[in-house]
Amino acid sequence: MELNKIKQRLELALRPVEKPPTIEEVLERVSRRGVLRGPVDWVFPGWITYVEYATQKIAEAFPLSEEGKRQLFHFRDAMRRLLLEAWTQTKEKLTTLYKAIVEGTYRLEGKRLYAPDGTWIYIDGTTPHLKIHGISALAHFPDLLRLPRVRLELFQLGWRASDEGETRNRPIMQTAQPWQVFAWTAVRYGALYTRIASVNLTREGVSVLVRLRANSWKQRWDKNEAIDLVASHLKRGEWATLLTAWLGDGKVKRRDVLCGEYKLVIATKEPWRLGLDVGTNEALVATGRETYLKLKESAGVYGALLDLLKAHKWMYIKLTTDDGFRAAYKLNRKRGIDRLREAYRQNNGETPTVSHAEANKPGAVTVVGVAMYLQLVSGRGGSLLAKRYVRDVEKALAIAGRLESAGLRPNVVPVGSYYMVYIATADLLRLAERDETIRKAIALYLAEKVKNGTPRQREIAEKILKRHPSFSNPATGGRHLKLAMDKTPRQLR
């Protein structure tokens, strides 16, 4: 990864936080994406808040003995201590690495970037990550579900077919999703070895990776055997194994669920073991609303746990199967800009001006005086957005107000420690019809993606060009399109 991008991600990770996360904010993120991402000083308190919430809800909802409650709260205290220690270590190391980059005192060795004191971070691949050392604990987790062994093993089998690994013949789980810590340990209860393994440096800040080893259980299945057994159980009408396999590796988009597109897709290295191959390492197992009804019915008491954990994939099941929940969700769902305006009670402010450098960046378009940047996005066939990131919510709302004054329909959504203002494809097309500069910018951008983008970007760009030939018409931008196609990647940058 480029050094400048690492520096930018470190700045996001170390950004000051004005106030600690509320339980409502934490649950909102867990129920939507599963993962907590953001500044170090938000993510670690967010994890602690969630652990305390989940523990209390479990204690209230499940009939535990005094010993069971003692184990549960000891597990909570152990997790809290680990997160506090990892918080301190993470912030110290990331601060040291950032200082080294700013001062130019870093060194690169293979896949690592080092600070002068020896602190290092992996920089290979798309997501740099920081190893956390010496932060672990032993604890016990109680038997919440009290299921017969045969039934319990069905849930264990699904986890093994997906996220669960093995070390020293013991089941292990590595996850950045707080709800999975509790959902997995509930079926692998008993003695647990827990540690904070690493911290990922994402485009929104950091995410935390927790590693758990179930010392009270021996691993019975290898990965391929577990996948085959899930398929075998499904053929006999048993959906419990598929439920936990989907909780681990299931793929679903909330928009598809809300639009009535019900597909049960699971990521797997060998998709033919589970069903029809629908893409790279993806298996289409079943379709239809009844599919999700069967998953919900198979959960039994486990579903009560997933419900109180606000597990985001369980929320998908509820959106599909529970008409009341679905109606309430749609009623409460508002555009990000509307929620922010309610929170800040305003619709104006100073709009950032456009500099010459911004206006001439690759993919830049100037919309009513606002510098924005084009981006192709996947989902439902692909689309083109124009977006702008700002740190200040008041500036984001001011930009949105200016775009609205031009008859556009912008939205504003929080993205990590930034706010993203964007307009969708329909607005861009209307702008392109009346503004030749924007039309040319879109033509150049699409041409560059056709030539040098990822396979998915090329596919989306080609579809847009096919649907809207004005972007390749010589009179309206085709000449620029041809010039872009003829340029080398270096010339386009």
Side-chain angles (χ1 to χ4, degrees), residues 54 57-65 67-69 71-72 75 140-166 169-173 175 179-192 212-250 264 266 273-275 285-286 290-311 313-318 320-322:
K57 289 295 183 181
I58 288 170
E60 294 170 358
F62 291 88
L64 295 172
S65 65
E67 176 60 17
K69 289 181 180 179
Q71 290 179 354
L72 178 65
F75 177 79
H140 279 74
F141 196 85
D143 180 7
L144 305 178
L145 308 177
R146 299 188 179 279
L147 292 170
R149 179 59 66 94
V150 173
R151 191 71 184 164
L152 182 67
E153 287 181 352
L154 294 176
F155 293 127
Q156 292 175 346
L157 183 61
W159 281 115
R160 177 55 175 146
S162 54
D163 282 353
E164 185 179 283
E166 176 185 353
N169 199 32
R170 304 293 179 186
I172 62 168
M173 169 66 81
T175 182
W179 69 267
Q180 281 194 344
V181 169
F182 291 88
W184 181 77
T185 53
V187 301
R188 291 294 192 184
Y189 58 85
L192 288 167
L212 304 113
R213 185 178 72 225
N215 288 341
S216 294
W217 299 86
K218 290 185 178 181
Q219 187 57 266
R220 292 182 53 195
W221 311 283
D222 67 27
K223 186 68 71 176
N224 287 337
E225 178 188 10
I227 294 172
D228 289 341
L229 285 170
V230 168
S232 177
H233 279 293
L234 184 60
K235 288 177 182 177
R236 298 197 300 269
E238 177 54 73
W239 288 72
T241 55
L242 187 63
L243 170 66
T244 44
W246 185 76
L247 289 175
D249 282 339
L264 191 69
I266 294 181
R273 292 181 179 274
L274 282 176
V285 181
E290 65 277 5
T291 293
Y292 287 88
L293 284 168
K294 289 176 181 177
L295 285 181
K296 185 177 181 180
E297 291 168 359
S298 73
V301 67
Y302 198 35
L305 175 64
L306 296 170
D307 202 46
L308 69 84
L309 292 176
K310 305 299 180 186
K313 289 181 181 176
W314 183 253
M315 295 298 109
Y316 294 140
I317 292 177
K318 290 185 67 175
T320 304
T321 60
D322 187 329

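For this chain, numbers begin at 1 and follow the sequence in order. What you see is a predicted model, and the numbers here were worked out from it, not measured in a lab.
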**Request:** Salt-bridge test for Lys318 and Asp307: reply yes if a basic N is under 4.0 Å from a carboxylate O, no otherwise.
**Result:** yes
**Item:** Any donor-acceptor N/O pair, Thr185 side chain to Arg188 backbone, under 3.5 Å
**Value:** no
**Message:** Less than 4.0 angstrom from a charged side-chain N to a carboxylate O is my criterion; do Glu290 and Lys296 meet it?
**Reply:** no
**Prompt:** Given Leu157 and His233, is the side chain to side chain contact (heavy atoms under 4.5 Å, CB included) satisfied, shown in steps?
**Reply:** CA-CA 10 Å; Leu157 183 61; His233 279 293; 3.7 Å; yes
**Message:** Between Lys313 and Leu247 (side chain of the first, backbone of the second, donor and acceptor by atom type, cut-off under 3.5 Å), is there such a pair?
**Reply:** yes
**Message:** What I want to find out is whether Lys223 reaches Glu166 closely enough, with some N-O distance under 4.0 Å, to be called a salt bridge.
**Reply:** no
**Message:** Before you tell me yes or no, could you show the steps for Leu72 and Phe62 under side chain to side chain contact (heavy atoms under 4.5 Å, CB included), namely the whole-Å CA-CA distance, both residues' side-chain angles and the distance that decides it to 0.1 Å?
**Reply:** CA-CA 11 Å; Leu72 178 65; Phe62 291 88; over 6 Å; no
**Asked** Ignoring hydrogens and geometry, is there a side-chain-to-backbone donor-acceptor pair from Thr244 to Phe155 under 3.5 Å?
**Response** yes
**Asked** Rounded to the nearest 0.5 Å, what separation is found between the CD1 atom of Ile317 and the CG atom of Leu306?
**Response** 7.5 Å
**Complete:** Sorted by chain and residue number, the side chain to side chain donor-acceptor pair (under 3.5 Å) partners of Arg213 (sequence neighbours excluded) come out as Asn215
**Item:** Residue list, side chain to side chain contact (heavy atoms under 4.5 Å, CB included) with Thr175, at least two apart or on another chain
**Value:** Met173, Gln177, Gln180, Val181
**Request:** Would you check, one step at a time, whether the test side-chain hydrogen bond (donor to acceptor under 3.5 Å, both in side chains) holds for Glu164 with Trp184?
**Result:** CA-CA 9 Å; Glu164 185 179 283; Trp184 181 77; 2.8 Å; yes
**Message:** Can you classify the ring geometry of Phe75 versus Phe141 as parallel (below 30°), tilted (30 to 60°) or perpendicular (above 60°)?
**Reply:** perpendicular
**Complete:** Taken to the nearest 0.5 Å, the spacing of Leu212 CG from Arg170 CZ works out to 15.0 Å
**Asked** Charged N to carboxylate O under 4.0 angstrom, Arg220 versus Glu153?
**Response** yes
